Amino acid sequence: MHIIWKERIENSMDDIKLETKELNKVDIKSYNLLELTEFVVGLGDKKFRAKQIYEWLHQKLVVSFDEMSNLPVNFREKLKETCRLTALVPVSVQVSQLDGTTKYLFELYDGNVIESVLMIYKHGNSVCISSQVGCRMGCRFCASTLDGLERNLTPSEMLDQIYRIQALTGERVDNVVVMGSGEPFDNFEAFIKFIQLLNDENGLNISARNLTVSTCGLVPKIKELADMQLQITLAISLHAPNDEMRRTLMPIANKYSIQEIIEACRYYIDVTGRRITFEYSLVQNVNDSESCAMQLISLVRGLNCHINLIPVNPIKERDFKQTRQKEIQLFKNKLEKSGINVTIRREMGRDIDGACGQLRKSYVEKCNIKQEEQI
Ligand code: SAH
């Protein structure tokens with residue numbers, strides 16, 4: 001395991017001034033080509049410059065305006081004054097010795113940090129990205145939500161997780177999964193913009209078919225996404241076979257019932273023709289009984305779906321334990337016998353910082369200790 005920690009002093013006055021200045025600038029990497037063209041024309045420049053900038057940003061993946069060598073110097077200066085160029089800075093990189101899975105901790109322009117993961121499979125490279133800094137959904141087993149939501153990510157910050165990983169490794173990213181920290185449907189507009197940019201043939205041109213998004217089940221957004229008729233794979237974090245149990249694990253269950261979620265999924269399948277994935281994290285003595293398996297079977301029967309069983313990844317703040325291997329297998333067999341498509345999620349990078357959100361949390365805690373030492 002290899003770790004690089006970049007030391008930084010948080011919240012100095014200089015940082016705050018810089019942050020405010022940057023905040024008022026245009027987030028140029030979140031513009032689509034049409035918006036970028038309007039912007040460039042608005043600056044008094046030629047239309048074709050937009051295409052050039054777009055290519056530098058979304059294909060050549062540069063991190064500064066100075067690298068845009070076919071733009072006149074004074075135009076580059078104008079861009080520097082008016083625009084913020086989102087370029088995430090890797091502050092920690094952990095590589096699994098077991099399977100090459102790499103976990104990145106990236107720093108954003110305002111000092112916040114987020115996690116992304118590169119997984120190497122036989123069928124291609126997959127990157128798992130975060131959609132928010134922190135999360136406000138409050139799922140009991142999840143480390144990302146322990147300190148609540150800090151802020152939404154911009155489309156450019158979602159994109160740049162993929163861009164940086166591609167640039168750092170020199171490897172083409174084939175698949176993207178929005179399953180890192182945050183609830184993507186709680187940042188819906190930015191998420192949709194992100195897909196548009198990811199899809200663009202003038203960019204990385206990663207198609208919706210190669211994109212999976214996971215949600216804790218914000219029903220209206222599931223329907224909204226269905227209506228857009230994209231070919232995205234939708235994954236639903238179910239984690240319990242009835243509302244009562246789900247409410248003890250996921251606060252969102254107080255807002256939407258499982259029946260409402262299933263109806264929205266049926267709608268999604270009908271409209272898009274895509275198969276849905278249900279994620280079910282198995283927690284010992286909580287949701288792993290035979291009766292749970294039976295309830296789960298009757299919930300999803302007849303639905304074009306796949307169930308992904310995830311052995312829960314224990315976090316130190318809670319005392320949830322993983323269901324034992326033997327019982328996980330029994331649970332799986334039960335579903336299979338009823339004709340349900342089911343897999344057990346392979347644990348990637350088991351030797352590096354486990355559950356979603358844990359790396360960021362330990363980094364933030366470390367920075368806070370450093371800050372206290374300085375006072
Ligand atoms: N907000 C999205 C993405 C969350 S992370 C959602 O709720 O789907 C992706 C998946 O990992 C979700 O199914 C989430 O419930 C699950 N997850 C989070 N922490 C986990 C943990 N400690 N163990 C097992 N699964 C976890």
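Nothing fancy with the numbering, it's 1 onward along the sequence. This is a predicted model, so every value here is computed, not measured. When a ligand or atom number is given, it counts from 1 through the structure's own listing order.
- At least one N or O atom of Gly182 sits closer than 3.5 Å to an N or O atom of ligand 1.
- Any N or O atom pair closer than 3.5 Å counts here, and Phe141 shares at least one such pair with ligand 1.
- Checked for salt-bridge contact, Glu115 and Lys103 meet the test: a charged N lies under 4.0 Å from a carboxylate O.
- With values rounded to the nearest 0.5 angstrom, Ile258 atom CD1 is found 11.0 Å from Glu260 atom CD.
- Here Phe141 and His239 bring their ring centres to under 6.0 angstrom of each other.
- Considering backbone and side-chain N/O of Arg345, none are found under 3.5 Å from N/O of ligand 1.
- Heavy atoms of His239 found under 4.0 angstrom from ligand 1 belong exclusively to the side chain.
- Taking the ring axis of Phe188 as reference, the NZ or CZ atom of Lys221 stays within 45° of it and closer than 6.0 Å to the ring centre.
- Residue-level proximity to ligand 1 for Ser214 is carried by backbone and side chain together, each with a heavy atom below 4.0 angstrom.
- Of all the heavy atoms of Val178, none lies under 4.0 Å from any atom of ligand 1, so neither backbone nor side chain is involved.
- Taking 4.0 Å as the cut-off between side-chain N and carboxylate O, Lys193 and Glu35 count as a salt-bridged pair.
- Counting atoms of ligand 1 from 1 in the listed order, those under 4.0 Å from a heavy atom of Val312 are 23 (N), 24 (C).
- Within ligand 1, counting atoms from 1 as listed, the ones closer than 4.0 Å to a heavy atom of Cys142 are 18 (C), 19 (N).
- Ionic pairing of Glu157 and Arg151 is present here: one or more N-O contacts between side-chain nitrogen and carboxylate oxygen are shorter than 4.0 angstrom.
- Both Val300 and Leu234 belong to a single network of hydrophobic side chains, linked directly or stepwise wherever heavy atoms of I, L, V, M, F, W or Y lie under 4.5 Å apart.
- Put simply, no part of Cys135 is less than 4.0 Å from ligand 1, judged by heavy atoms.
- Heavy-atom contacts of Cys216 reach the following atoms of ligand 1: 6 (C), 7 (O), 8 (O) (cutoff under 4.0 Å).
- Side chain to side chain, Ser131 and Asn187 fail the donor-acceptor criterion of an N or O pair below 3.5 Å.
- Counting heavy atoms closer than 4.0 Å to ligand 1, residue Glu183 contributes atoms from both its backbone and its side chain.
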